[in-house]
**Q** 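Below you will find the structure I want to go over with you.
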Amino acid sequence: MSGRLSFYRFSSPAAFYPLAGAIGKVSALIAVVLLAIGLYMSFFVAPTDYKQGEGYRIIFIHVPSAWMSMFIYLVMAFWAGIGLVFNTRLSSMMAQALAPTGAIMTFIALWTGAFWGKPMWGAWWVWDARLTSELILFFLYIGFIALQGSIDDTRRADRAGAVLLLVGVVNIPIIYFSVKWWNTLHQGATVSVTEGSSMSTIMLQAMLIMTFAFWAYSVAVAMYRVRSIILEREKDTRWVSELPEVRR
Amino acid sequence: MLEVVNLQCTRGDRCLFSGIGFTVGEGELLYLYGHNGSGKTTLMRTLCGLVAPTDGEVCWKDLPIRKQRDEYAAELLYLGHKNGLKDDLTGVENLLVACRLAGVSVKEDKAWSVLERMGLRGHEDLPARVLSQGQQKRVALARLLLSEAPLWVLDEPFVGLDVAAVALLEAVLAEHVARGGMVVLTTHQEVALTSGKVKKLRLGWKEDGCV
Amino acid sequence: MFSAFRIIVARDLLLAMRRRSDVLTTLFFFVIVVSLFPLGIGPELNTLRLIAPGVFWVAALLASMLALEKLFFVDYQDGSLEQMLLAPQPLSVLVLGKVLAHWLVTGLPLVLLSPLLGLQYDLSTATIAVMMFTLLIGTPALSLIGAIGAALTLGIRGGGVLVSLLVLPLYIPVLIFGAGAVEAEASGLGGAGHLSMLGAILLLSALAAPLATAAALRISAE
Amino acid sequence: MKGGVSEFFAMGGYALYVWGSFGATALLMIAEPLLVRQRRKAALQRISRLVRIKSEQQS
């Protein structure tokens, strides 16, 4: 019995591997269905905005991706904290599995923010408090991925990444607050990206569905990626060599 | 008393050793044998708490060292391959800093006399970078004479020492064990002990040393 | 506990005095970066006065980041870091000692030199005073936060660039409040709000950063 | 769909911005799963090679 009690039945990679596959399939299905409904509502059900015309439809992917980019970072920090405290390698793998998806979500938020800013304020990049914080969050993701990538010993990579995430998660509110203070001081309250148009219920519903679709997508991708990470790390174990997918 | 229970360590994804168990009581000296890459240094560093084992436990006075990090550190002296000397400090300064950091209050003249006893007469106030490898090792080993720690964990202490220094170190170890101290040692050299028990542990004798 | 802190600070200051070049490189880097901007932007004093807070603070930030690499790496190489990890005192206290010594060598000189550079930018004495004060309480926070990055990337090849990538996002609040305070004072708005935030960040990093750095050191020295 | 397909794609004059955003997002959300699948295939290949080497050693 290992010195430290591992009290999740699924904390061993061998037990979690098939479960991750199942969750991956289910959430992939949910993602596809919700995306279809969400897109349909975004384009055909939601009315044209009286002020921003059709351009505002970008909101249906900008806001969900922005929310997801923040949510994934918090989930990563949660798993990293668990991995550091309880020394369960699987939770560190989860954090590593979520990182690329989080970075992509942040990039999507920035990209769609710029493509929305151009028609609305005439500039591809607006130093709006939220967009700026999103940019800094993107640097935090890239920093985490770069740190994990440059350390060979997986154990050290996990724990170093965990410390960076925990330090990052403490700094996020400070960063957001300081950027907001800096933004309002220099430019006065510019129209921030989302408050522009009043949200009718249909628009809100469409956005919520899209958000759940993005959430399901992230879970699916993370589950499949964590399976690959488990395969890479447990390649010498007996249970991996007996997997049906491994061709003799 | 140092007790190790079912210890396992993996480096990267390679299992260095597993199921290691032994005890070192007062007045005992433990030899650690093993071919290169058998994990001797990792085991020594795990004993000190520098490396966290993937399984098993290291206990000092019946309490896991994880839970008493500072108290255990006060009763332990670890000398690794690297001497832990700052190149720009002189031998005396290095010795004084090392001892005071370990919580041992030492006066300067005591440090000079200890360095002299270690055969460094006339070299005490030279910057460490000027000294030869053997001389630097002697400065590092001088800490043994000033230390009050009962447990010594020494990784290859004899490496780079000339015959006179080897004899000197053997005497110091024998005296420490005679006083009821404990030593864990990796070396390829027998140490003639005046009293106390000698234990041996071979690492890596099982083909991959893994469960 | 306090004696170990004092020993570490004394040892590192002694080492810095013996190897004076390390002290000067960081200082000259700051001077050069600050002096480059007028050459790039033009001698027009009004613009220089406008950009001075930002230039000084970005230069201080880069200088502090440049100096981070030496913070633990020499100890890591010669084995004294191991002895620090095995000292009976809490590691975070020793880390605080090392960061204080590091700041005295690389942060304080910037503060003392900024008035001289301020003349290059035709700053009023009041603005220079505020600049010095913000650098005085800002650069220690930079060293404390930077120490976490230095500890995380210990012994990694290409660690130097990686430190800046890890640490820059965490420096941003200090930059915003530091430069903002000087600008607010200069424009007559009063930088009290910024200065108190800067002080709060310094306090938070003085308490929390050494703990994270200690954890990172234990992980890296494994 | 009263205005017909062309009007739909025009997006009231915001075509570049709307399709620029949705297009990039779609591209990324298709590329990422493909990359994960490719990573999985590489891992499985490496494992099967290890298994083959081990079985050769034993026989």
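Order of the sequence lines fixes the chain letters, A, B, ..., with proteins taken first and strands second; residue numbering starts at 1 for each chain.
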**Q** Report which part of C:Q89 has an atom under 4.5 Å of a heavy atom belonging to chain B: side chain, backbone, both, or neither.
**A** both
**Q** For B:N83, is it the side chain, the backbone, both or neither that has a heavy atom under 4.5 Å from a heavy atom of chain C?
**A** backbone
**Q** Does the side chain of C:L14 reach to within under 4.5 Å of the side chain of B:L89, using non-hydrogen atoms?
**A** yes
**Q** So does B:D109 have more than 12 non-hydrogen atoms from other groups sitting under 6.0 Å from CG?
**A** yes
**Q** Quick one: what part of C:Y76 sits under 4.5 Å from any heavy atom of chain B, side chain, backbone, both or neither?
**A** backbone
**Q** So for B:L85, is it side chain, backbone, both, or neither that comes closer than 4.5 Å to the heavy atoms of chain C?
**A** backbone
**Q** Need one label for B:E93: side chain, backbone, both or neither, based on atoms under 4.5 Å from any heavy atom in chain C.
**A** side chain
**Q** Between chain B and each of C:Q83, C:M84, C:R11, C:R218, count heavy-atom pairs under 4.5 Å; write down the option with the most.
**A** C:R218
**Q** If I compare all heavy atoms of B:A73 with all of C:L86, which pair ends up nearest, and what's the gap?
**A** CB-O, 3.3 Å
**Q** Return the minimal non-hydrogen interatomic distance between B:D88 and C:R18, and the atom names on each side.
**A** O-NH1, 2.8 Å
**Q** Nearest 0.5 Å, please: how far is CD1 in C:I8 from CG in B:L101?
**A** 5.0 Å
**Q** Can you say whether C:L91 sits under 4.5 Å from chain B via the side chain, the backbone, both, or neither, judging by heavy atoms?
**A** neither
**Q** Would you mind checking which part of B:R45 comes under 4.5 Å of any heavy atom in chain C, side chain (CB onward), backbone (N, CA, C, O), both or neither?
**A** side chain
**Q** So, do C:S80 and B:K86 sit near enough that their side-chain heavy atoms are less than 4.5 Å apart?
**A** yes
**Q** Can you give me the closest heavy-atom contact between C:D78 and B:K82, atom names plus distance?
**A** O-CB, 3.9 Å
